[in-house]
Peer 1: 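Got a structure here, written out as structure tokens. Questions coming.
The sequence lines fix the lettering, A, B, ..., with proteins before strands; numbering per chain opens at 1. Just so you know, these numbers use all the heavy atoms, side chains as well, and skip hydrogens, waters and symmetry mates.
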Amino acid sequence: MYDILIVGAGPAGMTAAIYARRASKSVLVLEAKTYGGQIVNTPDIENYPVAAHISGFDFATKVYEQAAALGAEFKFEKVTDIADNGDYKTVTTPKHTYEAKTVILATGSENRKLGLPDEDKLTGRGVSYCATCDGAFYRKKVVAVVGGGNTALEDALYLADLAEKVYIIHRRDAFRGEEANAARIAAKENIEVLWNSQVTKLIAEKKLSAIEVTNKDGSVQTLEINGLFVAVGRIPENQNFAKLIELDDAGYVKAGENCLTNVPGIFVAGDNRVKEVRQLVTATGDGAVAATAAIRYLNEG
Amino acid sequence: MNVIIGTQENFEQEVLKSDKPVLVDFNADWCGPCKMLSPIVHQLAEEQNKFKVVSVNIDDQDLLAEDYDVSSIPCLVAFRNGKEFAREVGFRPKDDILEMMEG
Ligand SMILES: Cc1cc2nc3c(=O)[nH]c(=O)nc-3n(C[C@H](O)[C@H](O)[C@H](O)COP(=O)(O)OP(=O)(O)OC[C@H]3O[C@@H](n4cnc5c(N)ncnc54)[C@H](O)[C@@H]3O)c2cc1C
């Protein structure tokens, strides 16, 4: 039986682990992928106090080393279910079951998918959710970016310097992203925007070779491309807890700044909580608040 | 065993003609998750003898990456008797990789 079981080793979960260990509570962190969360692919973070420039990898590694040195235990397993047994909780992964007196949900968010057939199969074979990670594979090739927010615009600009041609496929007739980005897009000769359009089919043999694009007016065209970059936002990873934990319509855990959920002994921290600003500094802040609340819950019995 | 550096020149000998299964780790210096995977891949090379481990830097060996349709890294590709039998994209914990190599 652990005092505090943390689900997710992103910035929020690992900060919670640091606070919990400093209060001498036993801590297990369960992580589905790798420690660090969303930030690991970011080349340069410039808005976290103290570090004027730091890569996402270095940031994640430093927090991980700090938590591990304090005695937090990490295991790489995905949590698929949580059950509330009153004074203790049962946490299930595909291989094991763990018991803990308290749980902190720090599962963050993941890339929203298009929801097209074969999308998962083609991820890493022409379909990508991260331009800075995978752009290098498309030097002098033809790519398309789906989306109209800042991430999509920044991805398109980044790819335009590598690829021969970049299409942007956006379902509206104007971008949601910053005007400065939109102006830079307009000035790039190798970017072509397809407005009022959606990707309706992925065409592939072994890897992606083309996409079908459908316009609002009903017309359909096939674009031959080598890579498709999906930038249509992020969704919270709370699906596995929905039957126990109250979520809002968008799937975020309903909790205020105190990080308390509707279940006593289960807390939430980071991007998967209802909040205004989803950044590293707010995620680590939540980690501290949630761990402190868990410690208080444990000490008060 | 050590991790073998895979190149266009030695790929056939070290991977395709290997009598043992081979785990090929496609990676690059600028890729954060690759750096997280790297110590695990090295451990696997040192700790066991059932399969070989080959590391391919995609910036040095872009043709090799293209030949094997690698378009996202880290990418782990498992070969047996010259044929791919499993592939995983993204960081994977050690146990998952061991399981993949059993396949
Ligand atoms: C491209 C990009 C650039 C960014 N740049 C900046 C920046 O410059 N500055 C800044 O402040 N913020 C930036 N952010 C935002 C910042 O990364 C997030 O706000 C922050 O990572 C949130 O931390 P978190 O711990 O709440 O969630 P996450 O980082 O999402 O971590 C959640 C972790 O939980 C794991 N997990 C999920 N479900 C389960 C499960 N069922 N079982 C086990 N583990 C699970 C995930 O694998 C993940 O590791 C950026 C985000 C992106 C995507």
Side-chain angles (χ1 to χ4, degrees), chain A residues 9 30-45 54-61 64 74-78 93-96 110-111 120-141 143 204-209 226-229, chain B residues 8 23-44 47 55-79 83-103:
Chain A
L30 292 176
E31 166 57 50
K33 296 184 190 129
T34 169
Y35 62 81
Q38 302 162 44
I39 202 67
V40 297
N41 291 312
T42 302
D44 193 16
I45 302 163
I54 184 168
S55 73
F57 170 77
D58 287 340
F59 181 92
T61 305
Y64 172 77
F74 287 80
K75 290 191 175 166
F76 294 94
E77 298 173 38
K78 180 171 180 133
T93 72
K95 284 183 191 142
H96 299 103
E110 67 173 346
N111 295 307
D120 283 343
K121 217 176 75 194
L122 293 171
T123 300
R125 291 179 187 260
V127 176
S128 170
Y129 302 86
C130 177
T132 52
C133 314
D134 299 334
F137 292 99
Y138 299 95
R139 281 199 186 95
K140 306 254 176 332
K141 304 244 163 102
V143 300
E205 286 262 342
K206 260 178 82 190
K207 60 177 177 182
L208 187 75
S209 59
N226 305 102
L228 179 70
F229 288 85
Chain B
Q8 188 86 1
L23 174 70
V24 183
D25 167 25
F26 288 91
N27 59 72
D29 299 339
W30 43 263
C31 152
C34 298
K35 287 193 252 183
M36 293 172 171
L37 191 57
S38 171
I40 297 177
V41 167
H42 278 85
Q43 275 175 23
L44 286 169
E47 288 172 6
S55 166
V56 176
N57 181 307
I58 60 108
D59 287 328
D60 301 340
Q61 303 294 328
D62 51 337
L63 294 174
L64 215 43
E66 195 161 334
D67 281 351
Y68 288 93
D69 293 338
V70 174
S71 69
S72 185
I73 48 171
C75 178
L76 297 171
V77 186
F79 289 87
K83 285 212 180 69
E84 172 176 343
F85 69 92
R87 178 181 287 231
E88 293 283 350
V89 178
F91 177 92
R92 285 292 177 279
K94 192 168 162 183
D95 287 351
D96 286 17
I97 303 174
L98 284 169
E99 219 165 83
M100 157 185 177
M101 293 307 294
E102 303 268 290

Peer 1: Within the supplied structure, the quantity of interest is the number of heavy atoms (other residues, nucleotides, ligands) at a distance under 6.0 Å from B/Lys35 NZ; does it exceed 12?
Peer 2: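 Yes, because the 6.0 Å sphere around NZ of B/Lys35 holds more than 12 heavy atoms from other groups.
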Peer 1: Nearest 0.5 Å please: distance from the CE atom of B/Met36 over to the OH atom of A/Tyr35.
Peer 2: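 If we round to the nearest 0.5 Å, B/Met36:CE and A/Tyr35:OH are 4.0 Å apart.
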Peer 1: At a heavy-atom separation under 4.5 Å, does B/Leu37 approach chain A through its side chain, its backbone, both, or neither?
Peer 2: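 Answer is neither: B/Leu37 stays 4.5 Å or more from chain A.
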Peer 1: Side chain of B/Ser71, backbone of A/Gly126: donor and acceptor closer than 3.5 Å?
Peer 2: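 It does hold such a pair.
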Peer 1: Would you please name every residue forming a side chain to side chain contact (heavy atoms under 4.5 Å, CB included) with B/Gln8, sequence neighbours left out?
Peer 2: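 With neighbours one apart ignored, the set is B/Gln61, B/Leu63, B/Leu64, B/Asp67.
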Peer 1: Between B/Gly32, B/Ser72, B/Pro93, B/Ala65, which shows the greatest number of heavy-atom pairs under 4.5 Å with chain A?
Peer 2: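 Most heavy-atom pairs under 4.5 Å with chain A: B/Ser72.
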Peer 1: Minimum heavy-atom separation for A/Asp134 and B/Ile73, please, with both atom names.
Peer 2: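 Reported closest heavy-atom pair: OD1-N, 3.9 Å.
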Peer 1: Could you tell me which non-hydrogen atom of A/Ala136 sits nearest to which non-hydrogen atom of B/Trp30, and how far apart they are?
Peer 2: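 Scanning both residues completely, I find the closest heavy atoms to be CB-CZ2, 3.8 Å.
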Peer 1: To the nearest 0.5 angstrom, please state how far the OH atom of B/Tyr68 sits from the NZ atom of A/Lys207.
Peer 2: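 One finds 13.0 Å between OH of B/Tyr68 and NZ of A/Lys207.
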Peer 1: How close do B/Val89 and A/Thr123 get, counting heavy atoms only, and between which atoms?
Peer 2: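 Smallest interatomic distance, heavy atoms only, reads CG2-O, 4.3 Å.
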Peer 1: So do the side chains of B/Arg87 and A/Arg125 get within less than 4.5 Å of each other, counting heavy atoms only?
Peer 2: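 Counting from C-beta outward, B/Arg87 and A/Arg125 do come under 4.5 Å.
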Peer 1: Identify which part of A/Thr132 has an atom lying under 4.5 Å from any heavy atom of chain B, answering side chain, backbone, both or neither.
Peer 2: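 The answer is the backbone of A/Thr132.
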Peer 1: CZ of B/Arg92 to OG1 of A/Thr34: how many Å apart, nearest 0.5 Å?
Peer 2: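 With rounding to 0.5 Å, CZ (B/Arg92) is 11.0 Å from OG1 (A/Thr34).
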Peer 1: Within residues 94-103 of chain B, which residues come under 4.5 Å of chain A, heavy atom to heavy atom?
Peer 2: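 So the qualifying residues are B/Asp95, B/Asp96, B/Glu99.
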Peer 1: Check B/Val70 against A/Phe137 and note the closest heavy-atom contact, atom names and distance.
Peer 2: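 Smallest heavy-atom distance, with atoms named: O-CD2, 3.1 Å.
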Peer 1: Whether A/Lys141 and B/Glu66 form a salt bridge (side-chain N of Lys/Arg under 4.0 Å from carboxylate O of Asp/Glu) is what I want to check.
Peer 2: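 Answer for the salt bridge query: yes.
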Peer 1: Answer with side chain, backbone, both or neither: which region of A/Lys95 has an atom nearer than 4.5 Å to a non-hydrogen atom of chain B?
Peer 2: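 Just its side chain gets close to chain B.
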